[in-house]
Amino acid sequence: MRLNYFNFKSFDNKVLLTNDFGDYVFLEKDEFHHFITGEIPNDSELAKKVISSRMAFEGTNLAFSGKYAYDIREAK
């Protein structure tokens, strides 16, 4: 799993992640730590959450940008 570009802000015991697509997800602080350090299994619920919100992706950068080229173009 590779990390996509995202912004984040802490709120009490949660962390808000946002990206240029307009997607967002709240993670617990320990989930956030595991996410940014790459300590989550690819088949876990946390991995599914961050991949579905496009904070992370599987495969190459080229495949990801090709899949979401229209969304990237519309965001810009």
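How far CG of Leu3 is from CE of Met1: 7.5 Å, rounded to the nearest 0.5 Å. We find the CG-CG distance between Asp23 and Leu17 to be 11.0 Å, quoted to the nearest 0.5 Å. Distance check, rounded to the nearest 0.5 Å: CD1 of Ile40 to NZ of Lys49 gives 10.0 Å. Note that CG of Asn42 is 11.0 Å distant from NZ of Lys48, once rounded to the nearest 0.5 Å. For the atom pair Glu58 CD and Arg2 CZ, the distance stands at 11.5 Å (nearest 0.5 Å). A distance of 6.0 Å separates CG of Leu27 from CG of Leu46, quoted to the nearest 0.5 Å.
With Phe57 as reference, Phe64 is the one residue of Tyr5, Phe21, Phe64 to meet the ring-ring contact (aromatic ring centres under 6.0 Å, His included) rule.
For the pair Asn4 (side chain) and Arg54 (backbone), a donor-acceptor distance under 3.5 Å is present. Between the side chain of Asn19 and the main chain of Ser53, a donor-acceptor pair closer than 3.5 Å is present.
Taking the six-membered ring for Trp and the full ring otherwise, Phe35 and Phe6 have centroids separated by under 6.0 Å.
By the 6.0 Å contact criterion, NZ on Lys29 is enclosed, its count of non-hydrogen atoms from other residues, nucleotides or ligands being greater than 12.
Residues Pro41 and Ala47 come closest through the heavy atom pair O-CB, 3.3 Å.
Both Ile51 and Phe8 belong to a common hydrophobic cluster when Ile, Leu, Val, Met, Phe, Trp and Tyr are linked at side-chain heavy-atom distances under 4.5 angstrom. One hydrophobic cluster holds both Met55 and Ile36 under the rule that ILVMFWY side chains link at heavy-atom gaps under 4.5 Å.
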